[in-house]
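Index from 1, following the sequence.
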Amino acid sequence: MSDDELAKDLGLISAMTIGIGTMIGAGIFVLPGVAANAAGPVVVVSFVVGGLIAMVNALSVSELGTAMPKAGGGYYYINKSLGPMFGSIAGMGDWMGLAFASAFYCIGFGQYLTVFVGLPSIAFLNPIQLGALVAGAIFVAVNYIGAKETGGVQTVIVFLLLSILAAFSVAGFLSFDYATLAESKGGLAPAGYGAILPGTALVFVSFLGYAKIATVAEELKDPGRNLPIAIIGSVAIVTVIYAILVTTMLGVVPWPELSQDAPVVQAARVAFPESIGPVTGVAGIAAAVMTVGALLATASSANASILASARINFAMGRDKIVTNWLNEIHPNYATPYRSILVTGALIIVFIALLGQEIEVLAKAASVLHLIVYALMNVALIVFREADTPEYDPDFNVPLYPITPILGAILSLGLVAFMDGIEIALSAGFVVAAVAWYFIYARDKTDKQGVLSEFIRSREADFPDQVVGAADAVAPSGTGNEGPTIMVAVANPRTESALITLAGALAQHKGGHILATHIITVPDQTSLETAAENRTDLDQSSEELLAEAAADAEAFDVPIETKTILSHRGIEEVFDAARANDVDTVVMGYGGTRFAGGRVEGSLDELTHDLPCDFLILDGQKLDLSDVLVPTAGGPSSDLSAEVARALRDTVGVDLSLLYVVDPSEEESGREFLSGWADGHDLGDSELRIEAGDVEETIGRVGEEYSLVIVGATERGLLSRIVRGSLAFDTIENLDTPVLLSERPSSRSLRERLFGGR
């Protein structure tokens, strides 16, 4: 294959277990003893408050995730909405936050590992750190192998874990003593109820897992349905589990006596009876099983965090905020293995240097994520207010804009309850990320955020200072400068004509070509099976794409190629255009239409806005000498004019513009066409004013030219398809090649279905 993409091989259960598995390890097995020591039994409320804050943010993450199921999660949304400077802050913060969290989970694993295995101290590393380093190396290796294997391991771990905790909760309920919870040294709140929010700041690391589901959204099946269910469901489930089990532990063991290294094992020894009938040693067995559960839980959390952090690094590399070298996909495992190795190296360093300060690791992870959550809520508001055409979430936050505003305030507010060292650490990361952007990334990335585009398109509505600030932080990259022209190649007989059009556009605008070959696979054949038996497909695809690359050389423009296996046809073109931030799609019609195993296309196309400009060619060959552009104005005619200029300036074609009028309106028609030509830099074109029926006239005049470019009407796609239309009839009846141009518009569903505005 010429290029590869991350496969969609994670289902709902795997996604939910990534969230639950990441969260449940710290909250139950590592933090209760430390948190109770700081706040007393009232720390149960801290867990509930943490869950509520996480739920508010989870709603926003769900909307963003269903709108843009892309690798990178929070980083991707913020980069897309607020621009690459804030994307650098979010990416670095999320990436480092997850690396801190992974190190924290590995330390928790090391704590329980030393219960079973006597480990030595080596140099400045204590036995817990040594166990954590071994665990970290193993988890990095598992992620190196692949997400599919990781998802399977995660599911098994989480179900075993929930079974063990269910048994513990039953035994704890039978041994629960309210006096132990409420009357131990100082009562429910020995440090006062003011300790609740600092306690929340400490335990918030327990709720980081849900957003990690969004970071693997690009690999998630049916993200519109599965993403919100997995995110909101995992937060709700884990919050309830925390409240029940932490309360149980504090009702079994007085909080001043609760172990800060292995609290669940200690509580299990008390909760379970020493013997049940003839079976003795039950409490010891239970403690051993809980230790195994703790190892599984912390392993699950670390495993999922490494998976997510590597995807963030991968996404940043894809956007050139970090080196593109990290984007390399492993040829056998299909994982971003370099990203995983770099992340793994950071985790090892954090374990070695900060492994004896577990609270610092936990809070550092939390504070960095809280900053990212606050920015994500702001990003959601920007997407909504800018009315971005491609922003089309399947899930909407309730009570907008109250919910995202509340999420941003709560996230930043909780940072205030961190200790000075964590706040200073987070501030340092923000400064470092901004410096990184200006020193390294700004001149390499070229993707502006929606906020910047919104301000620049309405400069008159904003103060000069705001416009100046947007310009000051705007990217200046040249590596991927210019528009992306995607060519959906499918047929060797039409490939050359499509590349000619795309090459002319790319050369004229200083852009590049993305030649995409979508291989449609019948529904009866799984994509995995097709991929395993794709030798013949690879050969034909590579030949087709190689011809495309050779044809593009005539225009001296960059070209990259990609092959996608899919059950879908035109829908996959739309998805590929969105996924690659394409500006214009060039594809064939008729003999080159996509023929997948499904009946699809028209209705799906009608219910969504076009992701970009579309150019659809009816014709197998182009022998360009002169081009006719019929126009009556409108956004699609603007696109026709852009294509015509590109062909005039790069290929040297002669242009003629046609306006069809009633016989009595020739003078006003000439005035309109002359003004339209001047306004579109086509003043040197031949102007033709013809009277008569529009369709018949275009058909008659078009026979004189080598290409006719027709802009889509605004009557709506369904009306054109069902009732017949100017554009489609022209394509069907004219022997001359016809290029249909359509520019996205903000029409409602009713307007797209039935036409008009």
Side-chain angles (χ1 to χ4, degrees), residues 485-505 515-518 520 544 548 551 569-570 573-574 577 584-596 600-602 605-606 610 612-632 634 636-637 639-644 646-647 651 653 655-656 658 660 694-713 715-743:
I485 315 296
M486 187 178 105
V487 182
V489 293
N491 188 333
R493 290 176 294 180
T494 60
E495 167 272 319
S496 179
L498 299 178
I499 290 294
T500 296
L501 291 169
L505 282 173
T516 303
H517 184 206
I518 297 172
T520 51
L544 183 60
D551 289 333
I570 185 67
V573 175
F574 276 54
T584 304
V585 168
V586 181
M587 58 185 292
Y589 175 77
T592 62
R593 74 178 64 180
F594 293 90
E600 61 178 22
S602 301
E605 183 183 2
L606 287 162
L610 296 178
C612 61
D613 292 342
F614 267 68
L615 298 173
I616 304 172
L617 177 67
D618 182 42
Q620 296 188 356
K621 294 184 178 180
L622 284 180
D623 183 15
L624 292 171
S625 56
D626 45 16
V627 174
L628 176 69
V629 183
T631 180
S636 293
S637 284
L639 177 59
S640 298
E642 291 178 17
V643 177
L647 293 174
V651 184
V653 300
L655 297 181
S656 296
L658 171 64
V660 183
V694 173
E695 186 175 334
E696 184 278 330
T697 302
I698 292 177
R700 173 174 52 80
V701 176
E703 295 290 352
E704 304 172 15
Y705 293 85
S706 60
L707 176 68
V708 177
I709 305 176
V710 180
T713 70
R715 289 170 51 194
L717 289 171
L718 188 59
S719 63
R720 284 185 281 133
I721 293 171
V722 175
R723 297 198 295 266
S725 72
L726 167 65
F728 280 80
D729 286 346
T730 302
I731 288 176
E732 294 294 341
N733 300 328
L734 195 61
D735 291 333
T736 301
V738 175
L739 184 66
L740 174 66
S741 66
E742 180 154 9
R743 172 152 283 173

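Here CE of M486 is found 11.5 Å from CG of L498. Values are rounded to the nearest 0.5 Å. Rounding to the nearest 0.5 Å gives a distance of 13.0 Å between CG of L658 and CD1 of I709. One finds the OG atom of S637 at 11.5 Å from the CD atom of E642 (value rounded to the nearest 0.5 Å).
In this view, A632 and Y659 satisfy the side-chain contact (heavy atoms from CB on, under 4.5 Å) rule, not counting sequence neighbours. Residues passing the side-chain hydrogen bond (donor to acceptor under 3.5 Å, both in side chains) test with T584: none are found, sequence neighbours excluded. Scanning for side-chain hydrogen bond (donor to acceptor under 3.5 Å, both in side chains) contacts around T516 gives an empty result, with sequence neighbours left out. Evaluation of the side-chain contact (heavy atoms from CB on, under 4.5 Å) rule for E704 yields R688 as partners, not counting sequence neighbours. Not a single salt bridge (Lys or Arg N to Asp or Glu O under 4.0 Å) links E703 to another residue, sequence neighbours left out. The side-chain hydrogen bond (donor to acceptor under 3.5 Å, both in side chains) search around S496 returns none, not counting sequence neighbours. Scanning for side-chain hydrogen bond (donor to acceptor under 3.5 Å, both in side chains) contacts around T500 gives an empty result, with sequence neighbours left out. With sequence neighbours excluded, the residues satisfying side-chain contact (heavy atoms from CB on, under 4.5 Å) with A641 are R645, W676, H680, L682.
Of all the heavy atoms in G711 and S741, the pair that sits closest is CA-OG, 3.3 Å. Between A497 and L622, the shortest heavy-atom distance links the atoms O-CD1, 3.6 Å. Smallest separation of non-hydrogen atoms from L655 and A644: CD1-O, 3.6 Å. Residues A488 and M587 approach most closely at CB-CB, 4.0 Å, considering heavy atoms.
In this structure a side-chain-to-backbone donor-acceptor pair under 3.5 Å is present from T736 to G702. Although no hydrogens or angles enter the test, the distance criterion places a donor-acceptor pair under 3.5 Å between the side chain of S706 and the main chain of S625.
Side chains of D626 and S656 form no contact here, defined as non-hydrogen atoms less than 4.5 Å apart. At a threshold of 4.5 Å between non-hydrogen side-chain atoms, the residues L739 and V643 count as touching. Under the 4.5 Å side-chain criterion, counting only non-hydrogen atoms from C-beta, I485 is in contact with V586. Inter-residue side-chain proximity for V487 and L501 is flagged as unmet; no heavy-atom pair is nearer than 4.5 Å. With a 4.5 Å cut-off on side-chain heavy atoms, L707 and L647 count as touching. V708 has its side chain within reach of P630: a pair of non-hydrogen atoms, C-beta onward, lies under 4.5 Å apart.
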Derivation of the side-chain contact (heavy atoms from CB on, under 4.5 Å) call for L615 and L639: CA-CA 9 Å; L615 298 173; L639 177 59; 3.9 Å; yes
